[in-house]
Amino acid sequence: MSPQASPVLAPEAAAPLVAAGALVVDLRKPEVFAAGHVPGAVPMTYASLVRDEAPVGGLLPRDDALTALLSSVGLAPGRPVVAYDDEGNGRAGRLVWTLNAVGHRQAAILDGGFEAWREAGLQVEHEARAPAAGHYAARATGEAVAERDWILEHLGDPEVVLVDTRSAAEYRGEDVRSARGGHIPGAVHFDWVAAMDPARHRRVRPRDALLAELAALGVSPDREVVAYCQTHHRSSHTYVVLKALGFPRVRGYPGAWSDWGNRRDTPVTTGERP
């Protein structure tokens, strides 16, 4: 997998990488992993990928924690990573975004997850293998990250578009999951599940359809895009989809609405965007 390779891989495209020794990460529950997984996959808990500082969740772990986590599963610089889960690849997307945030671009989600892999007739493994420890010195570069202050500085910037990937009710401020409900001023709404085909194991929908729908919202590859949700779980999937569509400048907001909506000094808009 080159740094320019798509971060969304169909099972047939991922299979040669798996056979060649890519690091495969399974973010499902342990009992599901034990019932069958992609050959060579190592399990990882979602909780290990995020840092919480109540009431803010979904923060990027500190460099030392990421170094320990990524080294423990056998990651090394330049080694391709293929990740999957069983909930539409939100957790897997968070891993890909995290790797991008520390400068590791050779990472992709397995489109359709394990069910798509099995449906494609590819080999399934039941034995758990202990990963060979690697050494990966993780250091966040900031390239894929938009923190609160960065967003505040770019509110109203015509070169930047904010994409809220939560439900419509959360976006409008009717479903309140922080101290305040609503959305960041100027943000457009694109529910993360709108990128999925539920009839095909929630694979990413066709490129042309997604580009057209995003363009109608003003989300185009010539603008820098910031994706956010409640804790940058759902929006991590959107981040990966945008990268797969060829958007060159995409960021994710760790903490997301659990950060923005729990403060009193950040502007908030409710209702539909004009």
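- Inter-residue side-chain proximity for Ser235 and Trp97 is flagged as unmet; no heavy-atom pair is nearer than 4.5 Å.
- The shortest non-hydrogen separation linking Ala108 to Ser6 is CB-O, 3.8 Å.
- The shortest non-hydrogen separation linking Ser167 to Asp175 is OG-OD2, 4.4 Å.
- To the nearest 0.5 angstrom, Arg205 atom CZ is 11.0 Å from Leu211 atom CG.
- Put simply, the residue from Arg180, Arg51, Arg148 that forms a salt bridge (Lys or Arg N to Asp or Glu O under 4.0 Å) with Asp259 is Arg148.
- For the pair Ala140 and Asp63, the tightest heavy-atom approach, listed with the atom from each and the gap, is N-OD1, 3.1 Å.
- Side chain of Ser71 to main chain of Ala68: no donor-acceptor pair is present (N/O by atom type, distance under 3.5 Å, no hydrogens or angles).
- Under the 30°/60° scheme for interplanar angles, the aromatic rings of Tyr228 and Trp257 are found to lie parallel.
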Verdict with reasoning, Arg91 to Asp86, per salt bridge (Lys or Arg N to Asp or Glu O under 4.0 Å): CA-CA 9 Å; Arg91 295 192 293 265; Asp86 54 4; 2.9 Å; yes

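- Clustering ILVMFWY residues whenever any of their side-chain heavy atoms sit less than 4.5 angstrom apart, transitively, puts Val250 in the very cluster that holds Leu60.
- Between the CD atom in Gln106 and the CG atom in Asn100 there is a gap of 10.5 Å [rounded to 0.5 Å].
- In this structure, the side chain of Thr165 does not engage the main chain of Asp191 through any donor-acceptor pair within 3.5 Å.
- Between Val268 and His183, every side-chain heavy-atom pair lies at or beyond the 4.5 Å cut-off.
- Closest of all the heavy-atom pairs between Val18 and Pro39 is CG1-O, 3.6 Å.
- When the side chains of ILVMFWY residues are joined at heavy-atom separations under 4.5 Å, either directly or via intervening members, Trp192 and Leu210 end up in two distinct hydrophobic clusters.
- With hydrogens and angles disregarded, a donor-acceptor distance shorter than 3.5 Å links the side chain of Ser258 to the backbone of Gly57.
- Under the 3.5 Å distance criterion, the side-chain polar atoms of Asp52 are left unmatched by any main-chain donor or acceptor of Ala54.
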Chi angles and distances behind the salt bridge (Lys or Arg N to Asp or Glu O under 4.0 Å) call for Glu143, Lys243: CA-CA 13 Å; Glu143 181 179 337; Lys243 296 296 285 186; 5.9 Å; no

Worked verdict on Asp265 versus Arg263 for salt bridge (Lys or Arg N to Asp or Glu O under 4.0 Å): CA-CA 6 Å; Asp265 59 352; Arg263 298 182 64 90; 2.9 Å; yes

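- Side-chain atoms of Val124 and His37, non-hydrogen and from C-beta on, never get closer than 4.5 Å to each other.
- The aromatic rings of Tyr171 and His189 are tilted relative to each other, their planes meeting at an angle between 30° and 60°.
- A pairwise comparison of heavy atoms in Cys229 and Ala256 identifies O-CB, 3.2 Å as the closest pair.
- The closest side-chain donor-acceptor pair between Tyr84 and Asn89, if any, does not fall under 3.5 angstrom.
- Looking only at distances, a side-chain donor or acceptor of Thr67 sits under 3.5 Å from a matching main-chain atom of Ala138.
- Of the possible polar contacts, none joining the Asp26 side chain to the Met44 backbone as a donor-acceptor pair under 3.5 Å is found.
- Annotation: side chain of Gln230 is in contact with side chain of Glu170 (closest heavy-atom distance under 4.5 Å).
- With a 4.5 Å cut-off on side-chain heavy atoms, Val38 and Leu122 do not count as touching.
- Atom CG of Leu49 is separated from atom NE2 of His233 by 10.0 Å, given to the nearest 0.5 angstrom.
- Shortest non-hydrogen contact noted between Ala14 and Leu110 is CB-CD1, 3.8 Å.
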Intermediate values then yes/no, side-chain hydrogen bond (donor to acceptor under 3.5 Å, both in side chains), Glu174 and Thr270: CA-CA 8 Å; Glu174 298 162 0; Thr270 57; over 6 Å; no

Test ring pair (Phe, Tyr, Trp, His ring centres under 6.0 Å) applied to His232 and Tyr253, step by step: CA-CA 6 Å; His232 194 39; Tyr253 177 11; 8.4 Å; no

Test side-chain contact (heavy atoms from CB on, under 4.5 Å) applied to Ile184 and Thr269, step by step: CA-CA 6 Å; Ile184 300 175; Thr269 299; over 6 Å; no

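- The hydrophobic cluster containing Val96 also contains Leu245, counting ILVMFWY residues as joined when their side-chain heavy atoms lie under 4.5 angstrom apart, directly or transitively.
- A distance of 12.0 Å separates CG of Asp164 from CH2 of Trp260, quoted to the nearest 0.5 Å.
- Tracing side-chain contacts under 4.5 Å through hydrophobic residues (I, L, V, M, F, W, Y), one reaches Leu217 starting from Val241; they form part of the same cluster.
- Looking only at side-chain heavy atoms (C-beta outward), Leu23 and Val42 come within less than 4.5 Å of each other.
- Panel note: side chain Glu125, backbone Gly40; a donor-acceptor pair is recorded below 3.5 Å.
- Taking the side chain as every heavy atom from C-beta outward, Val226 and Val161 never approach each other to under 4.5 Å.
- Here Leu75 contributes atom CG and Leu69 contributes atom CG; the two are 9.5 Å apart, rounded to the nearest 0.5 Å.
- Phe247 has its side chain within reach of Val219: a pair of non-hydrogen atoms, C-beta onward, lies under 4.5 Å apart.
- The ring pair (Phe, Tyr, Trp, His ring centres under 6.0 Å) pairs that include a residue from residues 111-142 are His104-Tyr136, where partners are two or more places apart or lie in different chains.
- The residues Glu87 and Arg202 are annotated as not salt-bridged, no charged nitrogen and carboxylate oxygen being separated by less than 4.0 angstrom.
- A side-chain donor-acceptor contact under 3.5 Å links Asp85 to the backbone of Ala92.
- Atom CZ of Arg223 sits about 12.0 Å away from atom CG of Leu214, to the nearest 0.5 Å.
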Chi angles and distances behind the side-chain contact (heavy atoms from CB on, under 4.5 Å) call for Leu155, Leu162: CA-CA 9 Å; Leu155 286 180; Leu162 303 172; 4.0 Å; yes

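- In this structure, the salt bridge (charged side-chain N to carboxylate O under 4.0 Å, His left out) partners of Arg249, at least two apart in sequence or on a different chain, are Glu224.
- Glu147 has no carboxylate O lying under 4.0 Å from a charged side-chain N of Arg251, or vice versa, which leaves the two without a salt bridge.
- At a threshold of 4.0 Å, the pair Arg28-Glu115 does not count as salt-bridged, since none of the basic side-chain nitrogens sits closer than that to a carboxylate oxygen.
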